[in-house]
Amino acid sequence: IPDNLHPQCGPVAWLLGTWAGNGHGDYPTIDSFQFGQELIFTHDGRPFLHYMARAWIIDEQGAKVRDGALETGFLRCLPEGQVELLLTHNTGFVEIYYGHAEGGKLEVSTDAVVRSHTAKEYVGGHRLYGNVDGDLLYAYDMAAMGQSLQPHLWARLPRQ
């Protein structure tokens, strides 16, 4: 744990740094796809982590086809492992998640989703991040386009 990390950030300290690798996506309204992704978690000593992520669509050989999603925000660390995750997306969404972190696991669910008038219909999400054998594994479930909450993205990202 870095010397100046706020004590409330202890349960998410394992996230600090850069993670990159490949993942998979699926949803009833789209074709399945593979993507590359980079996640970066930083801090400045206050009780939050700054989060940035970028993704790109890849082909079967792992070559980049086109740029994908961008998101950034803040993982606000509260007492006893409680967290608030505030995210903004290039696709026109802003989300507020609430959840809990402990033992190398972070789990959050949306409390609020706001979208611009040009964004696709998206109503809720659930994210699970875990430290598994030193890699960051995550699963993202989504409710959108008239579909109920269900698996959408999953990835295993080694630390860089």
Side-chain angles (χ1 to χ4, degrees), residues 1-28 35-55 68-116 119-160:
I1 295 177
D3 289 341
N4 69 335
L5 186 70
H6 193 282
Q8 289 176 189
C9 294
V12 295
W14 67 272
L15 285 165
L16 287 167
T18 300
W19 307 84
N22 294 337
H24 303 275
D26 196 10
Y27 208 66
F35 60 93
Q37 188 172 42
E38 179 183 58
L39 298 156
I40 302 170
F41 291 89
T42 63
H43 80 96
D44 66 5
R46 291 180 284 176
F48 62 84
L49 303 185
H50 181 214
Y51 164 77
M52 297 169 281
R54 63 187 184 101
L70 293 170
E71 59 186 28
T72 190
F74 300 93
L75 180 59
R76 302 181 70 220
C77 303
L78 306 171
E80 299 176 8
Q82 297 300 307
V83 296
E84 300 172 350
L85 178 62
L86 314 173
L87 292 181
T88 302
H89 305 261
N90 66 306
T91 51
F93 303 108
V94 177
E95 301 169 284
I96 297 175
Y97 287 84
Y98 293 124
H100 188 258
E102 69 178 327
K105 181 176 120 177
L106 168 66
E107 187 167 8
V108 293
S109 295
T110 49
D111 178 66
V113 174
V114 179
R115 65 180 195 259
S116 69
K120 292 180 181 177
E121 182 212 353
Y122 165 62
V123 296
H126 177 265
R127 293 175 181 233
L128 177 62
Y129 298 85
N131 184 342
V132 179
D133 299 326
D135 289 344
L136 188 157
L137 271 65
Y138 80 83
Y140 167 57
D141 295 348
M142 177 175 78
M145 306 304 290
Q147 303 293 312
S148 61
L149 187 70
Q150 60 192 286
H152 176 44
L153 304 174
W154 56 97
R156 183 175 192 132
L157 308 176
R159 185 182 295 278
Q160 299 301 295

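Position 1 is the first residue of the sequence; numbering continues from there.
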| request: Quick one: pull up CZ in R127 and CG in L153 and give me the separation to the nearest 0.5 Å. | output: 8.0 Å

| field | Interatomic distance, H50 atom NE2 to T72 atom OG1 [nearest 0.5 angstrom] | value | 3.0 Å

| Least distance between heavy atoms, G21 atom then P158 atom | CA-CD, 4.2 Å

| query | Does any N or O in the side chain of Q160 come within less than 3.5 Å of the main-chain N or O of T18, such that one atom is a donor and the other an acceptor? | reply | no

| Single hit among Y97, Y138, W19 for ring-ring contact (aromatic ring centres under 6.0 Å, His included) with Y129 | Y138

| task | Carefully, step by step, assess L87 and V113 under the rule side-chain contact (heavy atoms from CB on, under 4.5 Å). | result | CA-CA 10 Å; L87 292 181; V113 174; over 6 Å; no

| Shortest non-hydrogen contact from V12 toward C77 | CG2-SG, 3.6 Å

| task | State whether the side chain of H6 and the backbone N or O of Q8 hold a donor-acceptor pair below 3.5 Å, judged by distance alone. | result | yes

| Would you say the side-chain atoms of E95 pair up with the backbone N or O of T110, donor to acceptor, closer than 3.5 Å? | no

| request: With rounding to the nearest 0.5 Å, note down the distance linking CE in M52 to CZ in F41. | output: 10.0 Å

| said: Walk me through whether E121 and R115 qualify under side-chain contact (heavy atoms from CB on, under 4.5 Å). | reply: CA-CA 8 Å; E121 182 212 353; R115 65 180 195 259; 4.0 Å; yes

| said: For R156, is there any backbone N or O sitting under 3.5 Å from a side-chain donor or acceptor partner on D135? | reply: no

| note | dist F93:CZ -> T88:OG1 (nearest 0.5 Å) comes out at 12.0 Å

| task | Hey, could you give me the CG/CG distance between N90 and L70, rounded to the nearest 0.5 Å? | result | 4.5 Å

| message | My understanding is that only one of L86, L15, L39 makes a side chain to side chain contact (heavy atoms under 4.5 Å, CB included) with Y51; could you say which? | response | L39

| said: For A144, is there any backbone N or O sitting under 3.5 Å from a side-chain donor or acceptor partner on Y27? | reply: yes

| remark: Closest heavy-atom pair, F48 versus H43, reported as atoms and distance to 0.1 Å, is O-CB, 3.9 Å

| request: Return the minimal non-hydrogen interatomic distance between A101 and P11, and the atom names on each side. | output: O-CB, 3.5 Å

| query | Which atoms form the tightest heavy-atom contact between A155 and Q37, and what is the distance? | reply | CB-OE1, 4.5 Å

| said: Quick one, T42 with I40, criterion side-chain contact (heavy atoms from CB on, under 4.5 Å). Give me CA distance, side-chain angles, the key distance, then yes/no. | reply: CA-CA 7 Å; T42 63; I40 302 170; 3.8 Å; yes

| Between H126 and Y140, does the ring centroid distance fall short of 6.0 Å? | no

| Can you check whether L16's main-chain N or O pairs, donor with acceptor, with R159's side chain at less than 3.5 Å? | yes

| Just wondering, do L49 and L5 contact through their side chains at under 4.5 Å, heavy atoms? | yes

| task | Supply the atom-to-atom distance I96 CD1 to E84 CD, rounded to the nearest 0.5 angstrom. | result | 8.0 Å

| note | Heavy-atom nearest pair, E80 first then H100, reads O-NE2, 3.2 Å

